[in-house]
Asker: 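For reference, the structure I am asking about is given below.
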Amino acid sequence: MTKFLKFTILITLPLLLIPGCKKPSPKIDVDLKPLLKMAEYEEGEENTEIFSAMEEELNRSLSSLKIDGDAPKLYFLSYLIEDAYNYTNRYSIGSKTDEYETKRRGVFVSARVGDYTYDNFVHPSERDFYDAEISKFDNITSGLILPFEDDKKAIKHALWLLTDVNYKKAIIEYTKKKSRTKTEVQVEEDKDLGDFSIEEVRSAIYKIYPPSVDKVYWNNYLASGAEELRDYPYLLSANIIFNYDHITRYFIDSEGRKIQFYNHTYSIIVNVEAKADDGMNLNNGFILHGFSKEDFPSVNEFVELIKQRCDMLQKMQNAPIAEPYSGPVLILAPAAGVFFHEVLGHRLESQRIRSVKEAETYKDKVGQKIINEYINIFDDPNIKYFNNKPLIGSYPADEEGILPQRAELVKNGVLIGFLMSRYPVKGFNKSNGHGRGNVNTLQGYGVLVARQGNLVIAPSKAFSKDDIYKIFEKEIKKQKKEYGIIVESTTGGFTITERYDLQHFVQSPVEIYKYYPGGKKELIRGAEFGGTPLISMEKITAFGNDFEVFNGFCGAESGYVPVSAIAPTFLISELEIQKSSRSVRKPPVLPSPYKNKDELK
């Protein structure tokens with residue numbers, strides 16, 4: 001499967017370096033603990049109708065589901081049922097364009113044959129997603145939807161069909177995998193790792209609440225923002241999208257786990273688009289996430305944010321196009337979060353270091369320094385808020401029914417661990433609760449793998465804003481550059497972790513500036529920046545003490561999942577900027593009907 005690990009949203013970090021001079025030492029001690037608020041879950045009673053249906057069908061399948069002959073035994077089975085409710089409201093320039101609500105019940109069945117040391121699991125990089133014999137089962141499972149009502153017989157009927165299909169699919173996968181061992185060389189150091197780790201059985205039954213959204217409040221909130229959009233006649237399009245997502249999950253497996261919890265999130269996406277005279281399409285906007293009304297700005301603050309983005313979009317229309325550049329770059333928070341998510345986070349997902357198709361960038365670097373010695377990095381899905389800002393990457397249990405733990409990844413610049421699912425890798429044979437996926441994707445062609453949750457970049461010492469800029473200017477002068485580059489925000493990015501292409505990452509900045517020693521800034525447009533992971537990590541030279549949150553949705557083999565990152569501004573001594581692709585279609589011939597503010601009222 002061709003793998004772009006795509007991402008949505010932003011964050012940012014700082015760096016420092018004075019090559020040729022004595023390296024400056026950061027003076028500010030950093031302690032993030034007081035800013036972290038951990039998630040709290042209320043104990044509840046299990047939904048007996050759903051759990052009894054799952055348990056009865058699971059036990060029946062384990063004891064009786066067999067195919068005659070030498071077919072491998074079904075040794076593990078799990079059911080994950082997800083009830084999903086969504087309310088969406090869309091506004092354009094001054095008016096509502098759409099409003100709807102949906103609800104569905106999805107299910108992911110994991111059937112494993114063989115045993116813990118060798119089963120049917122095939123690494124996603126090594127799967128043939130075009131194998132007709134396998135894909136015919138994916139087509140069946142992706143089309144089966146559970147009844148939304150808690151009808152025990154109807155639920156058992158759907159689970160019966162899905163279990164049968166997934167069991168037969170597992171046997172074919174196992175047989176094909178076994179046959180390849182006779183024709184393909186196996187990686188010697190991976191042969192004895194096993195395919196599925198044995199974990200402590202822990203259950204969690206949390207109280208669940210039904211969906212509840214104040215539609216009148218949010219309609220008025222969005223309408224205020226949409227009205228503000230009337231004041232900008234240069235806008236080609238503008239959208240304000242509100243989503244309320246309420247998820248309830250029920251999990252059971254043959255090892256004895258039971259998980260029940262709910263989660264809901266609110267999100268507002270604002271995107272405004274214009275076109276420069278040379279035909280380049282320009283976008284700006286922002287995304288807000290929260291768990292309650294209190295997590296969002298007031299109506300007046302919301303309108304002001306829209307005004308700021310529209311004003312910036314007009315400035316971008318008149319800004320010069322970026323020129324190719326290589327040199328020092330200051331990446332501000334929150335754009336830094338996306339950088340670390342793409343460059344480092346994906347490469348520390350455990351499956352990235354156990355496949356001949358993967359680049360295995362950090363497989364043999366445990367115990368080695370990979371980044372600035374003041375840096376500590378961990379991922380903890382148990383964090384709910386950072387400095388009163390919500391983290392949508394939090395969750396009470398992963399899709400394998402494992403309660404999440406804090407995953408220590410880097411200590412004092414040294415690599416010490418990975419994000420782990422139940423798929424063992426060299427030196428690490430236990431999950432830390434990061435086996436994640438989107439149920440809709442997993443029900444079809446997706447493969448459950450280790451993913452990021454709340455990635456935290458936590459320097460033990462940092463520089464003040466003034467000191468970061470001083471070091472930045474010295475680096476510009478040392479390299480004899482006319483200017484440096486500052487990245488203030490990005491729309492997201494992608495990275496490639498497989499061997500079929502050069503290991504690299506790309507980010508698309510929204511607000512990017514030339515910075516001249518002395519403090520002058522010049523806005524530019526039409527830029528992308530990127531590089532390769534090992535070199536980029538080594539060239540990070542200084543971090544600031546300003547931390548921001550990035551929230552977004554990350555896509556990979558197991559589908560799109562919500563993720564967060566906490567990171568500060570940082571300086572990288574060398575990064576390459578290139579021109580981005582662009583349209584040459586001319587702007588509209590006639591002016592917008594919103595041609596001046598007097599006509600709008």
Side-chain angles (χ1 to χ4, degrees), residues 10-35 325-340 343-344 369-377 386-387 389 410-414 456-490 509 511-523 529 531 535-550 565-575 577:
L10 34 97
I11 231 182
T12 201
L13 290 116
L15 296 88
L16 314 170
L17 172 62
I18 312 180
C21 304
K22 184 179 179 181
K23 183 179 179 181
S25 298
K27 298 179 175 59
I28 300 174
D29 292 325
V30 177
D31 182 10
L32 299 184
K33 288 182 182 178
L35 302 177
Y325 167 90
S326 176
V329 176
L330 189 64
I331 300 182
L332 306 187
V338 175
F339 179 93
F340 280 96
V343 181
L344 187 62
K369 180 182 174 183
I370 64 169
I371 195 173
N372 185 294
E373 64 269 22
Y374 293 105
I375 295 302
N376 302 305
I377 301 175
F386 172 77
N387 198 20
K389 296 177 181 178
V410 175
K411 186 72 172 177
N412 297 326
V414 175
V456 182
I457 312 303
S460 57
K461 288 182 176 291
F463 291 90
S464 68
K465 180 178 178 180
D466 287 344
D467 285 342
I468 275 274
Y469 273 86
K470 288 177 183 176
I471 296 172
F472 183 32
E473 289 198 9
K474 288 180 180 178
E475 184 64 26
I476 295 170
K477 293 175 180 177
K478 177 193 173 293
Q479 295 189 28
K480 298 180 180 180
K481 301 290 184 180
E482 181 186 1
Y483 57 83
I485 293 291
I486 294 179
V487 176
E488 291 202 1
S489 66
T490 71
E511 294 182 35
I512 180 170
Y513 296 85
K514 291 180 179 179
Y515 179 85
Y516 298 88
K520 177 186 173 184
K521 288 170 60 178
E522 180 186 10
L523 180 69
F529 68 86
I535 291 177
S536 296
M537 287 294 102
E538 291 173 358
K539 288 185 178 292
I540 294 176
T541 56
F543 287 83
N545 67 334
D546 55 336
F547 292 82
E548 290 291 345
V549 169
F550 135 79
I566 301 167
T569 294
F570 70 93
L571 175 65
I572 185 165
S573 62
E574 187 176 15
L575 198 61
I577 308 293

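Fair warning: this is a prediction, and the values are worked out from it, not measured in the lab.
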Asker: Just by distance, do the side chain of D31 and the backbone of K33 share a donor-acceptor pair under 3.5 Å?
Answerer: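 Judged by distance alone, yes, a pair lies under 3.5 Å.
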Asker: Side chains of F550 and T490: closer than 4.5 Å at any heavy-atom pair?
Answerer: no
Asker: Using modelled atom types and a 3.5 Å cut-off, is there a donor and acceptor pairing between side-chain atoms of K481 and backbone atoms of S326?
Answerer: yes
Asker: Kindly indicate whether the side chain of E488, heavy atoms from C-beta on, has any atom under 4.5 Å from the side chain of I512.
Answerer: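 No, their side chains stay 4.5 Å or more apart.
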Asker: What is the distance from atom CD1 of I535 to atom OG of S573, rounded to the nearest 0.5 Å?
Answerer: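 Output value for this atom pair is 10.5 Å.
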Asker: State whether K514 and E482 are salt-bridged, where the test is any N-O pair (Lys NZ or Arg NE/NH1/NH2 against Asp/Glu carboxylate O) under 4.0 Å.
Answerer: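 A salt bridge is absent here (no side-chain N lies under 4.0 Å from a carboxylate O).
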Asker: Just wondering, are more than 12 heavy atoms of other shown residues or ligands nearer than 6.0 Å to NZ in K521?
Answerer: yes
Asker: The test is side chain to side chain contact (heavy atoms under 4.5 Å, CB included); show your working for I486 and Y469 and say whether it passes.
Answerer: CA-CA 10 Å; I486 294 179; Y469 273 86; 3.8 Å; yes
Asker: So, for E475 and P328, which heavy atoms are closest and what is the spacing to 0.1 Å?
Answerer: CG-CB, 3.7 Å
Asker: Is N387 close to F547 at the side-chain level, that is, under 4.5 Å between some pair of heavy atoms?
Answerer: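 Not in contact.
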Asker: Only one of Y483, Y515, Y516 forms a side-chain hydrogen bond (donor to acceptor under 3.5 Å, both in side chains) with E522, so which one is it?
Answerer: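 Option passing the side-chain hydrogen bond (donor to acceptor under 3.5 Å, both in side chains) with E522: Y516.
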Asker: Given side chains that start at C-beta, do those of F543 and N372 come closer than 4.5 Å, heavy atoms only?
Answerer: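 Yes, close enough: below the 4.5 Å cut-off.
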Asker: What distance separates K411 NZ from I375 CD1, expressed to the nearest 0.5 Å?
Answerer: 12.0 Å
Asker: State, to 0.1 Å, how close P517 and K477 come at their nearest heavy-atom pair, and which atoms those are.
Answerer: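 Shortest heavy-atom contact: CB-CE, 3.8 Å.
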Asker: Looking at N376 and P459, would you say the former's side chain and the latter's main chain have a donor-acceptor pair under 3.5 Å?
Answerer: no
Asker: Mind running side chain to side chain contact (heavy atoms under 4.5 Å, CB included) on I371 and F340 for me, showing each step along the way?
Answerer: CA-CA 11 Å; I371 195 173; F340 280 96; 3.7 Å; yes
Asker: Should the heavy atoms of other residues, nucleotides or ligands under 6.0 Å from CG of L35 be counted, would the total exceed 12?
Answerer: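 More than 12 heavy atoms, drawn from other residues, nucleotides or ligands, come within 6.0 Å of this atom.
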Asker: Just do the side chain to side chain contact (heavy atoms under 4.5 Å, CB included) check on F339 and I572 with the steps written out, would you?
Answerer: CA-CA 11 Å; F339 179 93; I572 185 165; 4.2 Å; yes
Asker: CD1/I540 to OH/Y374 distance, rounded to the nearest 0.5 angstrom?
Answerer: 15.5 Å
Asker: Look up atom CD in E373 and atom NZ in K461, then write down how far apart they are to the nearest 0.5 Å.
Answerer: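 Between atom CD of E373 and atom NZ of K461 there are 12.0 Å.
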Asker: Over all heavy atoms of both residues, which pair between I468 and G544 is shortest? Give the atoms and the distance, please.
Answerer: CD1-N, 3.9 Å
Asker: Compare every heavy atom of V343 with every heavy atom of S536, then report the nearest pair and how far apart it is.
Answerer: CB-CG1, 4.4 Å
Asker: So, for L32 and A458, which heavy atoms are closest and what is the spacing to 0.1 Å?
Answerer: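 Scanning both residues completely, I find the closest heavy atoms to be CD1-CB, 3.7 Å.
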Asker: Working note: M537 + L344, criterion side chain to side chain contact (heavy atoms under 4.5 Å, CB included); need CA distance, chi angles, decisive distance, verdict.
Answerer: CA-CA 8 Å; M537 287 294 102; L344 187 62; 4.2 Å; yes
Asker: Answer yes or no: is there a side-chain heavy-atom contact under 4.5 Å between L575 and I485?
Answerer: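 L575 does not reach I485 side chain to side chain.
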Asker: Return the CD1 to OG distance between I28 and S464, rounded to the nearest 0.5 Å.
Answerer: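 One gets 5.0 Å once the value is rounded to the nearest 0.5 Å.
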